[in-house]
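Below is one structure, written out as structure tokens, with a few remarks after it.
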There are 2 protein chains.
Amino acid sequence: MGSPAKVLNGDTKERILAAAEKLFAEEGFARTSLRGITVEAGVNVAAVHYHFGSKEALLEALFARRAAPMNAERLAKLNDLEAASSGDVPPLEALIEAFIAPSFRMLEELDPAGPPASQLIARFFSEPEEIVQRLMREQFSDVGARYLATFTRALPDVGPREVAWRFEFMVAVLTHLLAGMHLIDVVPGATPGPADQPETIRHAVQFLAAGFRAPSKGAA
Amino acid sequence: MGSPAKVLNGDTKERILAAAEKLFAEEGFARTSLRGITVEAGVNVAAVHYHFGSKEALLEALFARRAAPMNAERLAKLNDLEAASSGDVPPLEALIEAFIAPSFRMLEELDPAGPPASQLIARFFSEPEEIVQRLMREQFSDVGARYLATFTRALPDVGPREVAWRFEFMVAVLTHLLAGMHLIDVVPGATPGPADQPETIRHAVQFLAAGFRAPSKGAA
DNA sequence: CCATGATTCAATCACCTGATTGAAGCGTAT
DNA sequence: ATACGCTTCAATCAGGTGATTGAATCATGG
């Protein structure tokens, strides 16, 4: 009746993917065992190697299933923005939202991917395994570079190096939010309260836009 | 001649702590084995259990050695600020720097703790082990609450919930910086270039202060 | 010099890990 | 019905893990 029970059969591959996504997101790659995954999925241990080949290959399949569409959506939104503001630079707030929203979309319960998917993406950012870091580099390098260039164009008064710093800060906020906001557990009063996806995005965009626009020089 | 070689003796406990700090920071708790630690330290495996009791207890000792002084410094700086601006609220930039700087101080090569210490703190934020999360809660709850309250007082026009959100964002930026700024590896052009500690702090404070001060309402 | 306590050592424990194997089960086309 | 290919299964493998033990070593005070 619970989740660890073989239902019928047939979708073994999908069940493994779902269980692995959940456990990798919650416990991390190193702490998650194939036994744990296959029990959660109600599947034999050997099924993982039959369908994927290895634990690492399972991770790669998981990564490809989530990160690729997410970044494709990022690029599409950027293209739309640049097409809309023909020739000119898109507005900063729209750029930030275009970069952030694709990750948050998966946080919705309604989304077929669901929260585990975005938590998994967030965990990828801090996983020490070198495969993970290689996959992140492959997936994010071009998208990140394109957005960074556009941000630099959108902020001519800030200076490219400063924009690069602030781009880092934006990614920091994004991953922190995807991970589930640890401070809720750490600082009791700090929980901003449950928020739906658009409200969270609104808070983040306001904060980040103001940060991006901050006057550049520090020395008076 | 390298690091994995017994030098003399005597400081076994310290050697274990140093090796564990380095490896935990680089590889995470789960991926780091006691064998790896003791080899790195040039020490027998049993020494860990003799001096600390268990792998988890070693982690606790490590945590106490770094996090406690760091948060003590945070509180001291906050007290100094509130004493300086007698009765009034300290300026926002000073508050941010007081919260951020204690973590960065350890990033300096000169500091006896060194970069591994701050990397370890950053990794604690994303470690799935429940001991880590418990330790984080114990250490950061009161400091975080005090700072959050002061930030709220310093930003009367923003509203407490909005301040809580932005406080989250600040912690996000801090941990991202402590972790070593992953984007440097992910997005080729994104590296802001090597920066010394005060410059990094300046970039972060500028960005965060502007974000904190952003006008609150989203609806026009 | 020796006795005592603190420390270090090699050896070993039970357990869990990812991986592999060969047989069994299954549906399907002949 | 039969034979074939895909899938699942229990059983097993070698290797690594944290932990523990008892003997050896060391330093120190009598």
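Just so we're clear, the structure is a prediction, and the values are computed from it rather than from any experiment.
B:Y50 has its OH atom 15 Å from the P atom of D:dT21, to the nearest Å. One interatomic measurement links the two molecules: CZ of B:F29 to C1' of D:dG18, which rounds to 10 Å at whole-angstrom precision. Following rounding to the nearest Å, A:F52 (CZ) and C:dG18 (P) show an atom-to-atom distance of 15 Å. Straight-line distance from the CG atom of B:D11 to the P atom of D:dC26: 17 Å, rounded to whole Å. As rounded to whole Å, 13 Å separates atom C1' of C:dC9 from atom CD1 of B:I16. The interatomic distance linking A:E56 (CD) with C:dT17 (P) rounds to 17 Å, in whole Å.
Taking the screw axis at each terminus of the helix from C:dC1-D:dG30 to C:dT30-D:dA1 from five consecutive base pairs, the angle between the two is 10° to within rounding of 10 degrees.
Between atom NE2 of residue A:H49 and atom CG of residue A:L58 there is a gap of 9.5 Å, rounded to the nearest 0.5 Å.
Side chain of A:N71 to main chain of A:Q139: a donor-acceptor pair is present (N/O by atom type, distance under 3.5 Å, no hydrogens or angles).
When the nucleotides C:dA19, D:dA19, C:dT8 are ranked by their closest atom to the side chain of B:S54, D:dA19 comes out on top.
Evaluation of the ring pair (Phe, Tyr, Trp, His ring centres under 6.0 Å) rule for B:F63 yields B:F124 as partners, not counting sequence neighbours. Under the side-chain hydrogen bond (donor to acceptor under 3.5 Å, both in side chains) criterion, B:N79 pairs with B:R146, not counting sequence neighbours. Take A:F99 and apply the ring pair (Phe, Tyr, Trp, His ring centres under 6.0 Å) test, not counting sequence neighbours, and it matches A:Y147, A:F167.
Annotation for B:H176 and A:A172: closest pair CB-CB, 3.2 Å, computed over non-hydrogen atoms.
In this model, the phosphate group of C:dT7 is not approached by any side-chain N or O of B:T12 to a distance below 4.0 Å at OP1 or OP2. Of the side-chain N and O atoms in A:H49, none sit less than 4.0 angstrom from OP1 or OP2 of C:dT21. Remark: B:H51 is in phosphate contact with C:dT8, judged by side-chain N or O atoms under 4.0 Å from OP1 or OP2.
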- If a protein heavy atom is under 4.0 Å from the base, mark B; if only from the sugar-phosphate, S; if neither, -; do that for nucleotides 11-17 of chain D going 5' to 3'. -B----S

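Residues A:S118 and A:R105 bring no donor and acceptor atom of their side chains to less than 3.5 Å of each other.
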Please tabulate, one pair per line, all N/O donor-acceptor pairs under 3.5 Å involving side-chain atoms of residues 23-34 of chain A, not counting sequence neighbours.
unit_1, atom_1, unit_2, atom_2, d
A:E27, OE1, A:R31, NE, 3.0
A:E27, OE1, A:R31, NH2, 3.0
A:R31, NH1, B:E129, OE1, 2.5
A:T32, OG1, A:L23, O, 3.3
A:T32, OG1, A:G28, O, 2.6
A:S33, OG, A:G36, N, 3.0

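Under the salt bridge (Lys or Arg N to Asp or Glu O under 4.0 Å) test applied with B:E60, the options B:K55, B:R66, B:R134, B:R65 reduce to a single match, B:R134.
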